[in-house]
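Convention: sequence-line order gives letters A, B, ...; per-chain numbering from 1. We use all heavy atoms of the structure for the numbers below, so side chains are in, but hydrogens, waters and symmetry mates are not.
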There are 2 protein chains.
Amino acid sequence: MKVEKKLSAKDYVEKIGVSFEKEGFQPAMGRIFAYLIIADPPHKSFEEILEYLKISKSAVSTSLNYLMSRDLVEYITLPGDRKRYFKINMSGWLTLIKKKMARRSFFGEIMKEALSARSNKYKEFNDALEEQAEFLDFMHKEMKDALDKWERKKKKKG
Amino acid sequence: MKVEKKLSAKDYVEKIGVSFEKEGFQPAMGRIFAYLIIADPPHKSFEEILEYLKISKSAVSTSLNYLMSRDLVEYITLPGDRKRYFKINMSGWLTLIKKKMARRSFFGEIMKEALSARSNKYKEFNDALEEQAEFLDFMHKEMKDALDKWERKKKKKG
DNA sequence: CAATTAGTTCTGTAATTACAGAACCAAAAA
DNA sequence: TTTTTGGTTCTGTAATTACAGAACTAATTG
């Protein structure tokens, strides 16, 4: 029987942060994103972020601005309060995935271009290369379909 | 009417190399991988690689070993020739995608864990977070299906 | 029109990366 | 047995990254 050990909030921040880093973001960004996932309430001020994570203003500022430019984070304001409150933009992840898809599809394109420039002396290799490009195309299409499917499902429910 | 400008081999190497870098690989790795895509014949020796790309032995060695450890590159040998000839392992890209899928699914898991630790005071946020986790799950499943579909398609044809 | 607040931007630096160059080494060839 | 080949590994470094800390600024508040 597996004992489910409850993680502390700080542990979540580390764990999520590391995963986020693996997606290619800087450490500070990962931890900010992670903090905003576990944050209760889910919106936190600039100050709260830097205090909780013990990172500098500059790191918070640049990270937040980057995350906002990528639509992964947004902010709200509260009446009678000058501060901005930062929170996760849930649609950002989807945007991110779409961008990655586009990149991969582009990679497939390039492979096809390369193919057209190759000699026909190594048919086996060329065939494999073409198959790779087709695979990328295929996956791109399938993922697009999946996204559509998801969106339809969501619309029906919501 | 679009004029299709034919790229030189070196240009392909740059273009593919950059794309590969964007997938998170080091510059040298990107260019080696790119070179192996356009290489005619598609297998090249250690020496040929370093000469063509004008990079050091150490860079070639570490890059090739890394690429091989990731199953993106493999090597063949030729009778009566001590050298190894490196070439692209076409199944590597698929492995790569599978690994990325696994990572993303893991990310979804963590989000669900975080969810279970959140208070129920911010239902809207929690719901959105849950939806995100479900979305990642959904995409993971869809991609797995797509991969199966591709494999069946390939089996039927090949 | 000060003083405070909520950040931004600049400057410097510690840590890390990505690689070159040289030393090195095991297997094969001479 | 020495020499050559086909790499690998070590050492040093230039370039880059990721951030701290301080200076700065525009809006708000007193």
Side-chain angles (χ1 to χ4, degrees), chain A residues 13-14 16-36 39 41 43-70 72-87 89, chain B residues 13-14 16-36 39 41 43-70 72-87 89:
Chain A
V13 169
E14 283 315 306
I16 300 170
V18 168
S19 283
F20 209 69
E21 267 186 70
K22 283 188 186 161
E23 286 292 323
F25 296 90
Q26 306 176 349
M29 291 175 190
R31 299 173 68 227
I32 289 176
F33 192 82
Y35 175 49
L36 293 177
H43 52 273
K44 292 290 178 188
S45 73
F46 192 93
E47 246 197 311
E48 286 172 315
I49 294 168
L50 78 85
E51 258 164 33
Y52 187 88
L53 297 175
K54 278 150 186 48
I55 54 182
S56 68
K57 283 177 125 194
S58 56
V60 174
S61 178
T62 45
S63 294
L64 281 177
N65 283 325
Y66 181 82
L67 290 170
M68 287 193 294
S69 79
R70 294 273 165 154
L72 289 163
V73 165
E74 62 189 341
Y75 67 84
I76 57 170
T77 50
L78 301 178
D81 188 344
R82 178 137 89 94
K83 283 177 194 141
R84 288 184 282 168
Y85 289 87
F86 301 93
K87 56 174 297 209
N89 177 356
Chain B
V13 171
E14 283 314 306
I16 300 170
V18 168
S19 284
F20 208 69
E21 266 185 70
K22 283 188 185 161
E23 287 293 322
F25 296 91
Q26 306 175 349
M29 290 175 190
R31 299 171 69 226
I32 289 176
F33 191 83
Y35 175 49
L36 293 177
H43 52 272
K44 294 288 179 191
S45 72
F46 192 94
E47 248 197 312
E48 285 171 314
I49 294 168
L50 79 86
E51 258 164 34
Y52 186 88
L53 297 175
K54 277 147 188 51
I55 54 183
S56 68
K57 281 177 127 191
S58 57
V60 174
S61 178
T62 45
S63 295
L64 281 178
N65 283 327
Y66 181 82
L67 291 170
M68 287 193 294
S69 80
R70 293 274 165 154
L72 289 162
V73 165
E74 61 190 342
Y75 66 85
I76 56 170
T77 49
L78 303 178
D81 188 343
R82 178 137 88 93
K83 283 178 195 141
R84 286 183 284 167
Y85 290 87
F86 301 92
K87 57 173 298 213
N89 176 357

Rounded to whole angstrom units, what separation is found between the [atom1] atom of [X] and the [atom2] atom of [N]?
{"X": "B/Arg84", "N": "C/dA27", "atom1": "CZ", "atom2": "P", "result": "13 Å"}
{"X": "B/Tyr85", "N": "D/dT5", "atom1": "OH", "atom2": "P", "result": "13 Å"}
{"X": "B/Leu64", "N": "D/dT9", "atom1": "CG", "atom2": "C1'", "result": "15 Å"}
{"X": "A/Glu47", "N": "C/dT8", "atom1": "CD", "atom2": "P", "result": "14 Å"}
{"X": "B/Tyr66", "N": "D/dT8", "atom1": "OH", "atom2": "P", "result": "17 Å"}
{"X": "B/Asn65", "N": "D/dG7", "atom1": "CG", "atom2": "P", "result": "10 Å"}
{"X": "B/Ile49", "N": "D/dT8", "atom1": "CD1", "atom2": "P", "result": "11 Å"}

Problem - Which nucleotide in D/dG6, D/dT8, C/dG7 has an atom nearest any side-chain atom of B/Phe46 - result: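 Per side-chain heavy atoms of B/Phe46, the pick is D/dT8.
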Practice task
Would you give a per-nucleotide map of nucleotides 13-20 of chain C, 5' to 3', where B means the base has a protein non-hydrogen atom under 4.0 Å away, S means only the sugar-phosphate does, and - means neither?
Solution key: -----SSB
Are [X] and [Y] packed together at the side-chain level, in the sense that at least one heavy-atom pair is separated by less than 4.5 angstrom?
{"X": "A/Lys87", "Y": "A/Leu36", "result": "no"}
{"X": "A/Arg31", "Y": "A/Ile55", "result": "yes"}
{"X": "B/Phe86", "Y": "B/Ile32", "result": "no"}
{"X": "A/Leu53", "Y": "A/Val13", "result": "yes"}
{"X": "A/Ser61", "Y": "A/Phe46", "result": "yes"}

Exercise for the section: Could you label the plane-to-plane angle of the A/Tyr66 and A/Phe25 rings as parallel, tilted or perpendicular, counting under 30° as parallel and over 60° as perpendicular? Expected result: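 A/Tyr66 vs A/Phe25 ring planes: perpendicular.
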Please list, pair by pair, any protein nitrogen or oxygen found under 3.5 Å from a nitrogen or oxygen in nucleotides 25-29 of chain D.
none

Exercise for the section: For atom OH of A/Tyr75, decide whether the heavy atoms of other residues, nucleotides or ligands shown that lie under 6.0 angstrom number more than 12. Expected result: no
Handout entry: A/Thr62 side, atom OG1; A/Leu67 side, atom CG - distance, nearest 0.5 Å
Key =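 These two atoms lie 9.5 Å from each other.
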Handout entry: CD-CE distance between A/Glu23 and A/Met29, expressed to the nearest 0.5 angstrom
Key =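 CE of A/Met29 is found 14.0 Å from CD of A/Glu23.
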